[in-house]
Amino acid sequence: MKITLKDGSVKEYAEAKSVYDIALEISEGLARVAAAGEVNGEIVDLRTVLDKDCTLNIVTIHDPAGLKVLRHTASHVMAEAVQRLFPDAKVAIGPAIEDGFYYDFEHAPFSREDLDNIEKEMKKIVKEGKRLERFELPRAEAIKFMEDRKEPFKVELIQDLPEDAVISFYDQGDFVDLCAGPHLMNTKNIKAYKLISSSMAYWRGDSNKARLQRIYATAFTNKEDLEKHLQKLEDAKMRDHNKLGREMGLFLTADVIGQGLPLFTPKGTKMIMKLQRWIEDLEDREWGYVRTRTPLMAKSDLYKISGHWDHYMDGMFVLNKDAEDGKEVMALRPMTCPFQYYVYMNEQKSYRDLPYRMSETSTLFRNEDSGEMHGLTRVRQFTITEAHIILTPEQAEEELTRCVDLAHHVMKTLGLEGDVSYRLSKWDPENKAKYEGDEEYWNSTQQYLRDVMNKNGISFTEEDGEAAFYGPKIDIQAKNVYGKEDTMVTIQLDCSSATKFGMYYIDEQGNKALPWIIHRTSMGCYERTLAWLIEHYAGKFPTWLCPEQVRILPISEKFADYAEKVRKALYDAGVDVTVDTRSEKIGYKIREATMDKLPYMLIVGAEEEEKGVVSVRSRFAGDEGAKSIEEFVAQITEEIRTKAIRKAADEQ
RNA sequence: GCUGCUGUGGCUCAGUCGGUAGAGCGUCACAUUGGUAAUGUGGAGGUCACGGGUCCGAUUCCCGUCAGCAGCUCCA
């Protein structure tokens, strides 16, 4: 008997065998869908004995699709283990996800001990080598089947399937699950898995529905891959800005100050100031922006005009809300838009003045739900380089391109351009009340942004329900160390706000005309960008961003004067430099400076003083040898000026 | 906002089956003045997150609050 595999290779067998046996042998337990080979154009059943040459489309568990199947099967095994240990646990759903799988149960919260016990029980099930059998039932029987097994969530799932649906189940002996498949054919092929964590999840993501316990786990084809993955999770923890940023002394929080209100230390502040000075100069001198400075709060009247009062009330901090003494109801600003509009309207503008680009380093306040705050990435007060560009409709395409270019330039300079993806954030046609404007407005503005990105050769995804209430956005997204995505930069097209505020410009015919508005950031907010930088560089920032760029390490206190001379030379050149004057051994000082992730250490002793040099030790190249003071100053100032991103050999 | 877990010197953690606490690192002082990842000795430093309850007595048990974490939901 000859079998032709998908890759063209041919296997020969002395006697007829079942597809099941062949599949098991070739793929270490492949997915059922893959096992269904084609014989003379017909899908063969697993136990069909092959008596002719055929082509078998085999997906092994080493393929991405097969790995997903492996994980999905592992979720069934986990569900069985849970029900063996906790017979009253009701099963909900258990899909494979990126990097693993989960299963939701209705049950009391699981402790770590429970998870370990479940893992042990899974081991037994794997060892038992249980075969997974697929069977199908008509809808009514399927419902009865799950009703008999007292699985209300499964019953609900089946009820939502179409009347004529073929409803399939997978039976692994003591555990049967509603499932479209495919699956591994045998539990024994699940060799490497780990229960990661458990947490609460709502049935169908609806907070009004049942509270379930979700167990997150992962599975791989072999122990090495699993170990590698677990190591990766550990490494991610080491880069986590919320941990590393605090350890490095860049920021802190205080219970009495409140959630989502980080405090920046001198070090963290220095980094933010370096970013801010750079961005402000860049925008004003090279990209044609003017700078404004507007209030952090306003009367509620302003937000009523802007639409925030109707569309964003929950997200604002409102002051004097229930005041009975006649005090004005105010709100801290959640955005800068309307404030800058009034600056625009201060003087009548001609088409010749447009595009009018107003930028502001703007502090904003957003009343996020208490469970939403995280480190520096979700906070209640943050500062952003926010601009509003007032322009004629004819200028929009070119200006939007400039905005994308500026954002790209900023990310490239920071070395972060490889981390991002672009997203067209659209309104939600299913939830029109959340947005201003009609279908035509949204379709046309969304198409406008789509065209701009296409013309600029940007690949992007599209997402419903992510737009601002006044218009669609180009969002530049980045993932954190745990794979969670955040918006870093946003560029929004707004063709409706000008009407609300009565903004206009005088066109070439001398008539009032309605401008368009671009809302955009050039860099995400400083807090979030700093978080991103910490995680991207694992704290080893490019020299220009380091709060401490050089540390001078005198061999002993005898060389304090020479160290001071070197320090002054660097300080006068604008370098952030310190001297470690403690009476510690040089090895100890080097160790500490290394752990502080300093880019440069300058060791100075008798030899150096005599020759007027410094011994350079860098994070990038280790011992760089002796250099004259002038030479090192020239080298580092050039590195800082060009914002070079030097990397060590092992960081390439 | 919801569910769960967590909160002990600056950091990492131990401990108290209820009798007001300990280590390492860091910090400070002194000695040492050194050559590329840890010199030695000594000292200081904690209302055990905060508030209430039970108890003769609470850091320990219970309740609440605040904060941190994970997840859900949300994110103009």
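By convention in this document, chain letters (A, B, ...) are assigned in the order of the sequence lines, proteins followed by strands, and residues within each chain are numbered from 1. Computed from a prediction, not measured in an experiment: that's the story for all the values here. Reckoned from all heavy atoms, side chains included, excluding hydrogens, waters and symmetry mates.
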| Just wondering, do A:Thr363 and A:Phe382 contact through their side chains at under 4.5 Å, heavy atoms? | no
| said: Under 4.0 Å, counting only non-hydrogen atoms across every strand here, what does A:Phe559 touch: a base, just sugar-phosphate, or nothing? | reply: nothing
| task | Using the P atoms only, state how far B:U59 lies from B:C2, rounded to an integer number of Å. | result | 29 Å
| Should the ring pair A:Phe105 and A:Tyr103 be called parallel, tilted or perpendicular, given that the plane angle runs from 0 to 90° and is split at 30 and 60? | parallel
| request: For A:Gly375, answer base if it contacts any base atom (sugar-phosphate contacts may also be present), sugar-phosphate if it contacts only those atoms, and nothing otherwise; contact means non-hydrogen atoms under 4.0 Å. | output: sugar-phosphate
| task | Please name all residues satisfying side chain to side chain donor-acceptor pair (under 3.5 Å) with A:Glu372, sequence neighbours left out, ordered by chain then number. | result | none
| query | Does A:Ser497 have any side-chain contact (heavy atoms from CB on, under 4.5 Å) partners at least two apart in sequence or in another chain, and if so, which? | reply | A:Tyr341, A:Tyr470, A:Asp494, A:Lys500, A:Ile517
| remark: Residue pairs passing the ring pair (Phe, Tyr, Trp, His ring centres under 6.0 Å) test with at least one member in residues 231-258 of chain A, sequence neighbours excluded, are A:His241-A:His374
| Length of the CG-P vector between A:Asn431 and B:C75, whole Å | 9 Å
| Partners meeting ring-ring contact (aromatic ring centres under 6.0 Å, His included) with A:Phe86 (sequence neighbours left out) | A:His107, A:Phe110
| message | For a quick check of understanding: with a heavy-atom distance under 4.0 Å over all strands, which category does A:Ala467 fall into, base, sugar-phosphate or nothing? | response | sugar-phosphate
| field | Shortest side-chain distance from A:Asp369, nucleotide among B:U36, B:G1, B:G68 | value | B:G1
| request: Could you check whether A:Ser615 gets within reach of a base, just the sugar-phosphate, or nothing at all, counting any heavy atom under 4.0 Å? | output: base
| field | B:G22 and B:G57, which share atom name C1', separated by this distance in whole Å | value | 22 Å
| Whole-Å C1' distance, B:C61 and B:C48 | 15 Å
| With rounding to whole Å, what would you report as the distance between B:U60 and B:G43 at their P atoms? | 31 Å
| query | How long is the line joining OH of A:Tyr102 and P of B:A70, in whole Å? | reply | 19 Å
| In whole angstroms, how far is the C1' atom of B:C72 from the CD1 atom of A:Ile93? | 13 Å
| Between B:G71 atom P and A:Asn480 atom CG, what is the distance in whole Å? | 9 Å
| query | B:C74 C1' sits how many Å from A:Glu466 CD, rounded? | reply | 11 Å
| query | To the nearest angstrom, how far is A:Arg591 atom CZ from B:G35 atom P? | reply | 18 Å
| Same-atom distance (C1') from B:U20 to B:C56, integer angstrom | 15 Å
| remark: Hits for side chain to side chain donor-acceptor pair (under 3.5 Å) against A:Glu463, two or more places apart or cross-chain, chain-then-number order -> none
| query | At under 4.0 Å, does any side-chain N or O of A:His374 touch on OP1 or OP2 of B:A70? | reply | yes
| said: Identify the stems formed by RNA chain B, where each pair is Watson-Crick or G-U wobble with both distances under 3.5 angstrom and a stem is at least 3 consecutive pairs. | reply: B:1-7 with B:66-72, B:10-13 with B:22-25, B:27-31 with B:39-43, B:49-53 with B:61-65
| message | What contact category does A:Glu608 fall into here, base, sugar-phosphate, or nothing, at under 4.0 angstrom with non-hydrogen atoms? | response | base
| task | Can you figure out which of B:G71, B:G68, B:G35 approaches the side chain of A:Ile586 most closely? | result | B:G35
| query | Taking the same atom, C1', in B:G46 and in B:U12, what whole-Å distance lies between them? | reply | 16 Å
| request: Quick one: list whatever passes side-chain contact (heavy atoms from CB on, under 4.5 Å) with A:Val343, sequence neighbours left out. | output: A:Thr292, A:Thr294, A:Met358
| request: Check every atom of B:G35, B:A37, B:G68 against the side chain of A:Gln259 and return the nucleotide holding the closest atom. | output: B:G68
| query | Across the strands shown, which category fits A:Lys434 at heavy-atom distances under 4.0 angstrom: base, sugar-phosphate, nothing? | reply | sugar-phosphate
| remark: For residues 257-271 of chain A, the salt bridge (Lys or Arg N to Asp or Glu O under 4.0 Å) pairs (sequence neighbours left out) are A:Lys270-A:Asp576
| query | Residues two or more places apart in sequence or in another chain: which of them pass side chain to side chain donor-acceptor pair (under 3.5 Å) with A:Thr218? | reply | none
| When all nucleic acid strands are considered with a 4.0 Å heavy-atom cut-off, which category describes A:Tyr470: base, sugar-phosphate, or nothing? | sugar-phosphate
| query | Hey, which of these two, A:Leu261 or A:Arg214, hits RNA chain B nearer its 5' end, going by closest nucleotide? | reply | A:Leu261
| Touch check for A:Glu607, heavy atoms < 4.0 angstrom, all strands: base, sugar-phosphate only, or nothing? | base
| message | Generate the contact string for nucleotides 26-33 of chain B. Rules: B means base contact, S means sugar-phosphate contact only, - means no protein heavy atom under 4.0 Å. | response | SS---BBB
| field | Position toward the 5' end of RNA chain B (nearest nucleotide), A:Arg617 or A:Arg366 | value | A:Arg617
Any protein N or O atoms within reach of nucleotides 3-9 of chain B? Criterion: under 3.5 Å, listing atom names and distances.
none

| request: Please report the C-alpha distance between A:Arg378 and A:Asp486 in whole Å, then the side-chain angles of each, then the deciding distance to 0.1 Å, and finally whether the salt bridge (charged side-chain N to carboxylate O under 4.0 Å, His left out) criterion is met. | output: CA-CA 9 Å; A:Arg378 283 296 287 282; A:Asp486 272 313; 5.5 Å; no
| message | Without decimals, in angstroms, what is the distance between A:Ile590 CD1 and B:G34 C1'? | response | 12 Å
| task | Sticking with atom C1', work out how far B:U54 lies from B:G64, rounded to a whole angstrom. | result | 15 Å
| query | In whole angstroms, how far is the P atom of B:C74 from the NE2 atom of A:His311? | reply | 18 Å
| said: Taking B:U6 as the reference, what is the distance to B:A49 when you measure between their C1' atoms (whole Å, please)? | reply: 12 Å
| request: Over all heavy atoms of both residues, which pair between A:Leu364 and A:Ser362 is shortest? Give the atoms and the distance, please. | output: CD2-OG, 3.5 Å
| query | For A:Gly587, which contact category applies under a 4.0 Å heavy-atom criterion: base, sugar-phosphate, or nothing? | reply | sugar-phosphate
| request: Taking the side chain as every heavy atom from C-beta outward, state whether A:Lys627 and A:Val613 have any pair of such atoms under 4.5 Å apart. | output: no
| note | Sorted by chain and number, sequence neighbours left out, side chain to side chain donor-acceptor pair (under 3.5 Å) with A:Ser444 holds for none
| Is there a donor N/O on one and an acceptor N/O on the other, under 3.5 Å, for the side chain of A:Arg378 and the base of B:C75? | yes
